[in-house]
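The structure appears below as structure tokens.
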Protein chains: 2
Amino acid sequence: MTSMRARPSFAPRGAESCTSCGARRASVCIAIEEKDLERLAALAVPLPVPAGRTFITEGDPAEHFFNVTHGTAKLFKLLPDGRRQVTGFASAGTFLGLAVSSSYAFSAEAVEPAQVCRFSRTRLRHLLDDFPAMERRLLDVASNELVAAQEQMLLLGRKTARERVASFLLAREACAAVGPVPSARGHISLPMARTDIADYLGLTVETVSRTMTRLRIERLIDMPSPTEIILRNHDALTALAAGLS
Amino acid sequence: MTSMRARPSFAPRGAESCTSCGARRASVCIAIEEKDLERLAALAVPLPVPAGRTFITEGDPAEHFFNVTHGTAKLFKLLPDGRRQVTGFASAGTFLGLAVSSSYAFSAEAVEPAQVCRFSRTRLRHLLDDFPAMERRLLDVASNELVAAQEQMLLLGRKTARERVASFLLAREACAAVGPVPSARGHISLPMARTDIADYLGLTVETVSRTMTRLRIERLIDMPSPTEIILRNHDALTALAAGLS
DNA sequence: CGTGCTTTTGAAAATCATCAAGTATAGTGG
DNA sequence: CCACTATACTTGATGATTTTCAAAAGCACG
């Protein structure tokens, strides 16, 4: 009944896909100049992704790259018994699928209605030959993600639950600051569920919930609704996230 | 065997640095053809790094890239109170310093006597303009490290101590298999201290030690010496590492 | 043959997970 | 529009894995 599988009528291939893409300036596509955008658009297949839909499955043959142009997705890995680690959240501008291997190393699922651009891996590879600037941009993106991954390892390996949650909230704030939708100072939205946050921070839902409640009671944050957080004591949160406290 | 060892310890500048580099085929430098090696060698500054010496410090201005040509280094991040997370171990062939930022995101210290090649960041950048193959190789390297980082996040966030140690030992074995010094099947060496392993796995030294002892008692491994491990029951270890147990 | 470091082992303590249940929220259908 | 159901979130009590604290054993080095 609620089937979202109806093929959308829009997404006119090529026409205005890349030229008018709101996420372009935030993505690797910025490396392609206006005049060459048509070549990129010819490869790009815009796809709507309803919330909850998995569009990359770990282990599947990696035939495509993806670029999130709208909404938010979670990237995750699973253990056979169902334990899950969310390795990151991808919002507008994020490029997905970088890997040398022939199969995806993670799964990706939309946490809110999203829009992605799909590129054939081999065809984009060829395009890269003509646009070294884009390849360099990809290297920059990968380098940045590597730095972020190391930071996350520090969080997962050495920080307490409190420190993890504080780090997460501050990261969300920083992420919102560069995002397309400017939000009020210290106001952040959490489109992902508590379970996703827990799996991202290496904790349980209960611990995340309890920790947030405690931060609220201590007036470090406000929580008008579960998906809406206001950072009340930025300095204290920063100290917490850094491990001082 | 003796011929392999015929390598000068004090690699004279330029002369034969890159041409005779034992680590070249395992590193990004493989992307530079023989005839162009001189240009690379002109940039490469070979440096011996004694065990325990820190040669990259987190937060310092990132002026150089490094390529480990011999020995092993640990990469790590610190919290102000001294908590440490080892984000990886770098052995011969590993390229270090990828980052867009102007300062290093991690520190690096040799865990055993090592040899590295130092490149000026800006000059190597310019060299990359002439050798797109090397840039592509760098992207591949970064992509692979990203996949490894995600795997490590899964380990840190969701695996038990036992599973972490098993995963580590198997990863070491796989790493030794591709390394320059072929070792007997199932025999691995651990050049790093228990503390480093603990900081890599997000555990304490005591837990690592206890866990290894237990694996030994259960005949999954043998431990002739603390730095020498023999994988006795490969299948059981694999199952453990995968989370089945 | 000490001396200092690393590794190992033991006992107690703590953080976080698990189990359990209540509350809030959203989406559905009457 | 409202009640109903399913889901998400929160809160509480208990428990377990891992940490912390403490100390012995093993090794390298001078």
Side-chain angles (χ1 to χ4, degrees), chain A residues 1-4 50-52 74 79 81-85 111-113 155-166 168 189-218 221-229 240 243 245, chain B residues 50-52 74 79 81-85 111-113 155-166 168 189-218 221-229 240 243 245:
Chain A
M1 181 65 178
T2 62
S3 165
M4 307 250 186
K74 64 184 175 201
L79 286 174
D81 64 358
R83 276 176 286 173
R84 194 176 59 157
Q85 178 65 38
V111 299
E112 60 182 349
L155 179 149
L156 292 170
R158 288 301 178 222
K159 289 188 184 176
T160 66
R162 238 169 114 69
E163 291 164 353
R164 293 183 200 197
V165 171
F168 173 70
S189 74
L190 302 179
M192 67 291 292
R194 288 286 184 276
T195 310
D196 297 327
I197 298 176
D199 285 344
Y200 180 58
L201 300 179
L203 301 169
T204 58
V205 204
E206 294 94 329
T207 299
V208 170
S209 182
R210 269 188 262 272
T211 306
M212 285 193 156
T213 300
R214 198 172 142 206
L215 291 178
R216 180 169 53 68
I217 290 172
E218 293 168 352
I221 65 172
D222 247 359
M223 204 163 20
S225 84
T227 64
E228 217 177 329
I229 309 284
L240 236 185
S245 69
Chain B
K74 64 184 176 203
L79 285 174
D81 63 359
R83 276 175 286 174
R84 194 175 59 156
Q85 178 65 37
V111 299
E112 61 182 349
L155 180 150
L156 292 170
R158 288 299 180 222
K159 289 188 184 176
T160 66
R162 237 168 115 69
E163 291 164 354
R164 292 184 202 197
V165 171
F168 173 70
S189 75
L190 302 180
M192 67 293 290
R194 288 285 184 276
T195 310
D196 297 328
I197 299 176
D199 285 344
Y200 180 58
L201 300 180
L203 301 169
T204 59
V205 204
E206 295 93 329
T207 300
V208 170
S209 181
R210 271 188 260 271
T211 306
M212 285 194 156
T213 300
R214 200 174 140 207
L215 291 179
R216 180 169 52 69
I217 290 172
E218 293 168 352
I221 64 173
D222 247 357
M223 204 163 21
S225 86
T227 64
E228 218 177 329
I229 309 284
L240 237 185
S245 63

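In what follows, every chain begins at residue 1, and chains take the letters A, B, ... in the order their sequences are listed.
- In this structure, B/Arg162 atom CZ and D/dT17 atom P are separated by 11 Å, rounded to whole Å.
- In this structure, A/Leu215 atom CG and D/dT10 atom C1' are separated by 15 Å, rounded to whole Å.
- Shown here for A/Val165 and A/Thr211, the closest heavy-atom pair between the two residues is CG2-CG2, 3.7 Å.
- Comparing C/dG10, D/dT10, C/dA17 against the side chain of A/Val205 picks out D/dT10 as the nearest.
- Summarising the geometry, the separation between CE on B/Met212 and C1' on D/dG26 is reported as 17 Å, rounded to the nearest angstrom.
- When distances are taken from the side chain of B/Thr204 to each of D/dC9, D/dT20, C/dT8, the shortest belongs to D/dT20.
- When the nearest nucleotides of DNA chain C are assigned to A/Pro226 and B/Thr195 by heavy-atom distance, the more 5′-ward of the two goes with B/Thr195.
- If you check C/dT8, D/dT18, C/dT7 against the side chain of B/Ala161, the one that comes closest is D/dT18.
- Within 4.0 Å (heavy atoms only), B/Ser209 reaches at least one base atom of the nucleic acid.
- Checked by distance alone, B/Arg210 brings a side-chain donor or acceptor within 3.5 Å of a matching partner on the base of D/dT20.
- No contact: A/Ser225 has no heavy atom under 4.0 Å from any strand.
- Put simply, the side chain of A/Gln85 gets close to the backbone of A/Tyr200: a donor and an acceptor are under 3.5 Å apart.
- In the set D/dT11, C/dC16, D/dT19, D/dT11 carries the atom at the smallest distance from any side-chain atom of A/Glu206.
- The distance from the OG atom of B/Ser245 to the CG atom of B/Leu240 is 5.5 Å, given to the nearest 0.5 Å.
- We find that CZ of A/Arg158 is positioned 13 Å from P of C/dC16, with the value rounded to whole Å.
- Per the geometry, CG belonging to B/Leu190 stands 10 Å off P belonging to C/dT8, to the nearest Å.
- Atom CG of B/Leu156 is separated from atom C1' of D/dT18 by 15 Å (rounded to the nearest Å).
- Picking from C/dT8, C/dG10, D/dC9 the nucleotide with the shortest atom distance to the side chain of A/Ala193 gives D/dC9.
- In this structure, B/Glu228 places its CD atom 15 Å from C1' of D/dC27, rounding to the nearest Å.
- The shortest side-chain heavy-atom distance between A/Leu203 and A/Arg210 does not fall under the 4.5 Å cut-off.
- Comparing D/dC9, D/dT18, C/dA17 by their closest approach to the side chain of A/Thr207 singles out C/dA17.
- In this structure, the CE atom of B/Met192 is 16 Å from the C1' atom of C/dT7, given to the nearest Å.
- Taking OG1 of B/Thr213 as the reference point, atom CE of B/Met223 lies at 5.0 Å (rounded to 0.5 Å).
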